[in-house]
Amino acid sequence: MDAPMRPDEMRIVIRASDAPVNDARPIPASVFKKAFTTILGALKVADAELHAKRYRSEFFISHLAMGSNVFGVFEQRRSAEPSLSPSIDFFKQSAGAVYRSEYDKVRGITKVANSIIKVGEAITEEYPCEAHFNGESIPLDGFFS
């Protein structure tokens, strides 16, 4: 995770629960697939909540290495409209509100809240995840379920 991050990027670290903090041992493909699929799904739900269909973003892999336990996703907005907020930032704010038990902040965005619950259900105790954003990180684990 040494490479600088874009402001519209998130990186997910999946680590065995018994692993040291800087451990980069490979993880099972099924664990990666489940985490990636649910997190990408949550980003798409956040995007749909924020933007009309014609302005929805596309998400691209920004960071992925052989034998790594980290993947990155960045958002490419379809419009240069400055008033459009990044979906990754909206996901960060929503997940952060849940993590800090500020449930009133996500009460009106049921689909986004449900997608965050799905992320929590997909992440196992044996392989918890941590989402890194530009300047902030949020543990993604069973707490969200």
Side-chain angles (χ1 to χ4, degrees), residues 1-17 19 21-22 24 26-66 68-145:
M1 292 249 320
D2 296 335
M5 290 181 65
R6 301 165 48 127
D8 56 353
E9 178 182 16
M10 68 185 291
R11 292 195 190 151
I12 304 297
V13 178
I14 307 170
R15 188 175 290 118
S17 59
V21 173
N22 292 324
I27 56 166
S30 60
V31 170
F32 172 84
K33 178 188 179 287
K34 202 171 205 182
F36 180 81
T37 302
T38 55
I39 290 168
L40 181 60
L43 290 174
K44 288 182 175 184
V45 168
D47 192 39
E49 182 74 24
L50 282 179
H51 308 124
K53 190 171 185 173
R54 66 186 236 186
Y55 295 116
R56 290 196 186 143
S57 299
E58 288 193 63
F59 297 96
F60 295 90
I61 302 298
S62 63
H63 188 83
L64 188 62
M66 183 71 103
S68 173
N69 62 336
V70 179
F71 68 88
V73 176
F74 78 91
E75 178 175 1
Q76 182 72 47
R77 296 188 301 179
R78 292 186 186 174
S79 170
E81 185 70 37
S83 65
L84 296 178
S85 300
S87 305
I88 286 178
D89 190 52
F90 185 51
F91 174 82
K92 175 183 80 170
Q93 291 173 16
S94 301
V98 172
Y99 184 69
R100 293 183 301 275
S101 301
E102 298 170 345
Y103 303 115
D104 56 316
K105 292 185 177 179
V106 293
R107 191 163 276 124
I109 49 174
T110 307
K111 290 179 182 176
V112 174
N114 287 337
S115 72
I116 292 170
I117 291 169
K118 287 180 184 176
V119 169
E121 292 171 346
I123 306 302
T124 67
E125 284 184 32
E126 296 84 24
Y127 291 95
C129 297
E130 189 169 50
H132 293 267
F133 304 92
N134 200 6
E136 186 177 349
S137 64
I138 300 170
L140 299 176
D141 52 27
F143 171 81
F144 287 97
S145 64

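Proximity of a side-chain donor or acceptor of N69 to a complementary backbone N or O of I14 within less than 3.5 Å is detected. In this structure, the side chain of D47 engages the main chain of S57 through a donor-acceptor pair within 3.5 Å.
Here E130 pairs with nothing under the salt bridge (charged side-chain N to carboxylate O under 4.0 Å, His left out) rule; sequence neighbours left out. The side chain to side chain contact (heavy atoms under 4.5 Å, CB included) search around D89 returns P86, K92, Q93, not counting sequence neighbours. Residues satisfying the side chain to side chain contact (heavy atoms under 4.5 Å, CB included) test with A48, not counting sequence neighbours, are R56. Residues passing the side chain to side chain donor-acceptor pair (under 3.5 Å) test with T38, sequence neighbours excluded: none. Residues passing the ring pair (Phe, Tyr, Trp, His ring centres under 6.0 Å) test with F74, sequence neighbours excluded: F60.
Put simply, the side chain of S17 does not reach to within 4.5 Å of the side chain of E125, judged on heavy atoms. At a threshold of 4.5 Å between non-hydrogen side-chain atoms, the residues M10 and L43 count as touching. With contacts defined as side-chain heavy-atom distances shorter than 4.5 Å, the pair V31/E126 does not qualify. The shortest distance between side-chain heavy atoms of S30 and F32 does not fall below 4.5 Å. Within the 4.5 Å cutoff, no side-chain heavy atoms of F91 are placed close to those of V45. A 4.5 Å side-chain heavy-atom check between F36 and I61 finds at least one atom pair inside the cut-off.
Across every non-hydrogen atom of C129 and I12, the tightest pair is CB-CG2, 4.0 Å. Closest heavy-atom contact between V106 and A97: CG1-CB, 4.2 Å. When all heavy atoms of L140 and A131 are compared, the closest pair comes out as CD1-CB, 3.8 Å. Residues S62 and V73 approach most closely at OG-N, 3.4 Å, considering heavy atoms. In plain terms, the two heavy atoms of L50 and S87 that are nearest each other are CD1-CA, 3.9 Å. The two atoms that bring V112 and A46 nearest to each other are CG2-CA, 4.0 Å, heavy atoms only.
Note that NZ of K118 is 12.5 Å distant from OG1 of T37, once rounded to the nearest 0.5 Å. Here N134 contributes atom CG and R11 contributes atom CZ; the two are 9.5 Å apart, rounded to the nearest 0.5 Å. Here the CZ-CD distance, from R77 to E58, works out to 14.0 Å after rounding to the nearest 0.5 Å. Separating the CZ atom in R6 from the NE2 atom in H63 is a distance of 14.0 Å, to the nearest 0.5 Å. F59 CZ to I39 CD1: the interatomic distance, rounded to the nearest 0.5 Å, is 12.5 Å.
Each salt bridge (Lys or Arg N to Asp or Glu O under 4.0 Å) pair with one or both residues in residues 101-116, not counting sequence neighbours, appears once here: R100-E102, E102-K105.
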